[in-house]
Amino acid sequence: MRASLFSRRTIRQGAISSVGSVKIKLLLAFVILFTLIALVGRTPSFKGWRHQDASLHRSSRPRKKYALLINTWKRNDLLKQSISHYASCPGLGSIHIVWSEPDPPSDSLIKFLNHVIQSDFKDGREIELKFDINKEDSLNNRFKEIKDFKTDAVFSIDDDIIFPCTTVEFAFNVWHTAQDTMVGFVPRLHWDDRSKGNRGNYMYRGWWSVWWTGTYSMVLSKAAFFHKKYLNLYTYSMPSSIREYVTKNRNCEDIAMSFLVANATGAPPIWVKGKIFEIGSTGISSLGGHAEKRSHCVNKFAAEYGRMPLVSTSVKAMDSRNSWFW
């Protein structure tokens with residue numbers, strides 16, 4: 001009797017062990033299959049198929065070009081790095097450098113930048129380089145109207161951040177679907193500060209608030225596409241008190257542009273997810289009390305418009321060809 005029980009127990013344990021072994025094997029097979037699928041999806045990036053991927057970007061990009069509007073201030077080394085990179089982007093048509101320094105650009109700087117641009121003429125493109133010289137040192141210079149723009153699209157960028165050309169081209173394509181709004185890489189948020197007991201007092205919030213809430217209402221002009229018509233509106237139609245405030249406080253010209261576009265369209269901006277490479281280490285945002293100053297700008301500008309024109313959204317554009325999950 002004991003032998004019979006022992007035999008049945010042994011058989012049962014063996015069956016359980018066998019089932020467990022099968023489950024482990026199935027799990028391992030699933031992991032291997034998932035890995036193979038992921039590797040196949042990633043194969044073009046490391047198995048010599050770069051030409052096929054490049055042709056996809058060339059065939060899908062719009063025929064029209066965009067103008068690079070780059071803001072700089074006494075950082076020629078960063079300016080050189082930025083121009084050297086963006087000159088290779090296929091959709092670039094012209095480069096306009098906003099120059100507000102007391103001394104004009106040196107001959108050596110101009111020579112270097114022209115050499116960089118000319119080295120990219122091999123594909124038949126001709127990129128125009130211009131310095132937009134300003135006598136007055138004001139952040140409003142960033143958005144002064146430029147009469148000889150040959151493109152509708154403006155890619156506004158700071159001199160200390162770089163995006164891969166494929167990312168810029170994708171954002172350019174997104175902008176073509178909504179040319180009246182701003183399309184950019186750096187989202188920010190405003191929200192109603194009800195802690196003070198009165199509705200209508202707003203707070204400026206940075207990236208972590210965007211990440212936490214999943215919403216945003218601005219994309220900063222340090223990396224954004226917009227229509228050239230907004231340069232005219234910023235210079236001539238936006239309340240002059242806002243431009244004066246920007247000049248006096250040396251801050252918030254990007255928030256002013258977000259207010260301007262939102263007021264004109266009644267629509268939110270579009271955030272494009274993309275890799276950001278920061279090549280600089282200092283700026284206005286690194287100074288103490290930055291968030292409080294920006295909150296004051298938001299309230300000041302809302303008062304000038306007589307309402308809050310910014311529109312919050314949770315929409316995010318991303319290139320699924322270069323993403324694991326979408």
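When reading the values below, keep in mind they use all heavy atoms of this one structure, side chains included, and skip hydrogens, waters and symmetry mates.
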Same apolar cluster (I L V M F W Y, side chains within < 4.5 Å links), Tyr305/Tyr236: no
Side chain to side chain contact (heavy atoms under 4.5 Å, CB included) between Leu68 and Ser94, worked out: CA-CA 6 Å; Leu68 184 73; Ser94 62; over 6 Å; no
So CD1 of Ile255 and NZ of Lys293: to nearest 0.5 Å the spacing works out to 12.5 Å
Give a yes or no answer on whether the side chain of Arg243 reaches the backbone of Tyr234 with a donor-acceptor pair at less than 3.5 Å. yes
Please determine which of Val210, Leu220, Thr215 meets the side chain to side chain contact (heavy atoms under 4.5 Å, CB included) test together with Pro187. Val210
Please assess Asn251 against Val246 for the test side chain to side chain contact (heavy atoms under 4.5 Å, CB included), listing each intermediate value before the final yes or no. CA-CA 6 Å; Asn251 206 331; Val246 168; over 6 Å; no
Would you indicate whether the side-chain heavy atoms of Thr313 and Tyr216 approach each other to under 4.5 Å? yes
Consider only side-chain heavy atoms of I, L, V, M, F, W and Y, link residues closer than 4.5 Å, and tell whether Leu78 and Leu129 are in one cluster. yes
CD1/Ile70 to CG/Asp158 distance, rounded to the nearest 0.5 angstrom? 8.0 Å
I'd like to know if the side chain of Lys144 pairs up with that of Asn134 as donor and acceptor (distance under 3.5 Å, no hydrogens or angles considered). yes
Using modelled atom types only, decide if a donor and an acceptor are shared between the side chain of Asn299 and the backbone of Tyr202 within a distance under 3.5 Å. yes
Between Gly266 and Val311 the two heavy atoms that sit nearest each other are O-CG2, 3.8 Å
Does anything in residues 255-265 form a side chain to side chain donor-acceptor pair (under 3.5 Å)? List the pairs, not counting sequence neighbours. Asn263-Arg307
Nearest heavy-atom pair of His227 and Val154: which atoms, and what distance? C-CG2, 4.5 Å
Apply salt bridge (charged side-chain N to carboxylate O under 4.0 Å, His left out) to Arg294 and Glu292, showing your working. CA-CA 5 Å; Arg294 305 277 278 182; Glu292 290 76 10; over 6 Å; no
Quick check: do Cys252 and Lys300 have side-chain heavy atoms less than 4.5 Å from each other? no
Given side chain to side chain contact (heavy atoms under 4.5 Å, CB included), test Asn140 with Tyr245 step by step and report yes or no. CA-CA 10 Å; Asn140 290 315; Tyr245 183 91; over 6 Å; no
Check whether any side-chain N or O of Tyr86 sits under 3.5 Å from a backbone N or O of Phe163 as a donor-acceptor pair, and report yes or no. yes
Applying ring-ring contact (aromatic ring centres under 6.0 Å, His included), can you list everything that pairs with Phe225, at least two apart in sequence or on another chain? Tyr66, Phe155, Phe172
I'd like to know if the side chain of Lys65 and the backbone of Pro90 have a donor-acceptor N/O pair within less than 3.5 Å. yes
Between the side chain of Ser106 and the main-chain N/O of Leu109, is any donor-acceptor distance below 3.5 Å? yes
If you compare all heavy atoms of Ala256 against all heavy atoms of Ile242, which two are closest, and at what distance to 0.1 Å? CB-CG2, 3.8 Å
Just so I know, are the side chains of Leu92 and Glu128 near enough to count as touching, which here means a heavy-atom distance under 4.5 Å? no
Across all chains, not counting sequence neighbours, the side chain to side chain contact (heavy atoms under 4.5 Å, CB included) partners of Ser295 are Met203, Tyr204
Should Asp160 and Arg75 count as an ion pair when the cut-off is N to O under 4.0 Å? yes
Considering non-hydrogen atoms only, spot the tightest contact between Thr167 and Phe185 and give its length. CG2-CE2, 3.3 Å
Short side-chain donor-acceptor distance under 3.5 Å, Asp159 and Thr72: yes
Answer yes or no: are there more than 12 heavy-atom neighbours, outside His296 itself, under 6.0 Å from its atom NE2? no
Indicate yes or no: at least one non-hydrogen side-chain atom of Lys111 is less than 4.5 angstrom from one of Ser108. no
Just by distance, do the side chain of Ser88 and the backbone of His85 share a donor-acceptor pair under 3.5 Å? yes
Check whether the side chains of Ser241 and Glu304 place a donor and an acceptor atom closer than 3.5 Å, and report yes or no. yes
Can you tell me if Asp77 has over 12 outside heavy atoms packed within less than 6.0 Å of its CG? yes
Is there a side-chain contact between Phe143 and Thr235 (heavy atoms, below 4.5 Å)? no
Hey, is Asp180 close enough to Lys229 for a salt bridge, meaning N to O under 4.0 Å? yes
State plainly whether one hydrophobic cluster holds both Trp99 and Trp73, where clusters connect Ile, Leu, Val, Met, Phe, Trp and Tyr through side-chain heavy atoms under 4.5 angstrom apart. no
For Gly214, is there any backbone N or O sitting under 3.5 Å from a side-chain donor or acceptor partner on Ser314? no
Looking only at side chains, do Ser100 and Asp137 share a donor and an acceptor under 3.5 Å apart? no
Between CE of Met308 and CZ of Phe301, what distance do you get to the nearest 0.5 Å? 10.5 Å
Distance (rounded to the nearest 0.5 Å) between Arg205 CZ and Arg188 CZ: 12.0 Å
Got a donor-acceptor contact below 3.5 angstrom from the Asn141 side chain to the Glu136 backbone? yes
If I compare all heavy atoms of Asp192 with all of Asn201, which pair ends up nearest, and what's the gap? OD1-O, 3.3 Å
Checking the side chain of Thr181 only, and the main-chain atoms of Val261 only, is there a donor and an acceptor separated by less than 3.5 Å? no
Any donor and acceptor pair, going by atom type alone, linking the side chain of Glu101 with main-chain N or O of Lys74 inside 3.5 Å? yes
Under the side chain to side chain contact (heavy atoms under 4.5 Å, CB included) criterion, do Tyr230 and Lys228 qualify, and how do the steps go? CA-CA 5 Å; Tyr230 292 118; Lys228 67 178 181 181; over 6 Å; no
More than 12 heavy atoms of other groups within 6.0 Å of Trp211 CH2: no
Tell me, do Ile157 and Ser82 make a side-chain contact under 4.5 Å, heavy atoms counted? no
Step by step, would you call Trp212 with Trp191 a ring pair (Phe, Tyr, Trp, His ring centres under 6.0 Å)? CA-CA 13 Å; Trp212 181 258; Trp191 71 37; over 10 Å; no
One should read off an interatomic distance between Ser221 OG and Leu260 CG, to the nearest 0.5 angstrom, of 11.0 Å
Min side-chain heavy-atom separation His96-Ile146 under 4.5 Å: yes
Could you tell me if the side chain of Phe259 sits less than 4.5 Å from the side chain of Val298, heavy atoms only? yes
What's the separation between atom SG in Cys297 and atom CG in Asn249, rounded to the nearest 0.5 Å? 6.5 Å
Which heavy-atom pair separates Pro269 from Val219 by the least distance, and what is that distance? CB-CG2, 3.7 Å
Can Phe226 be reached from Phe149 by stepping across I, L, V, M, F, W or Y side chains whose heavy atoms are under 4.5 Å apart? yes
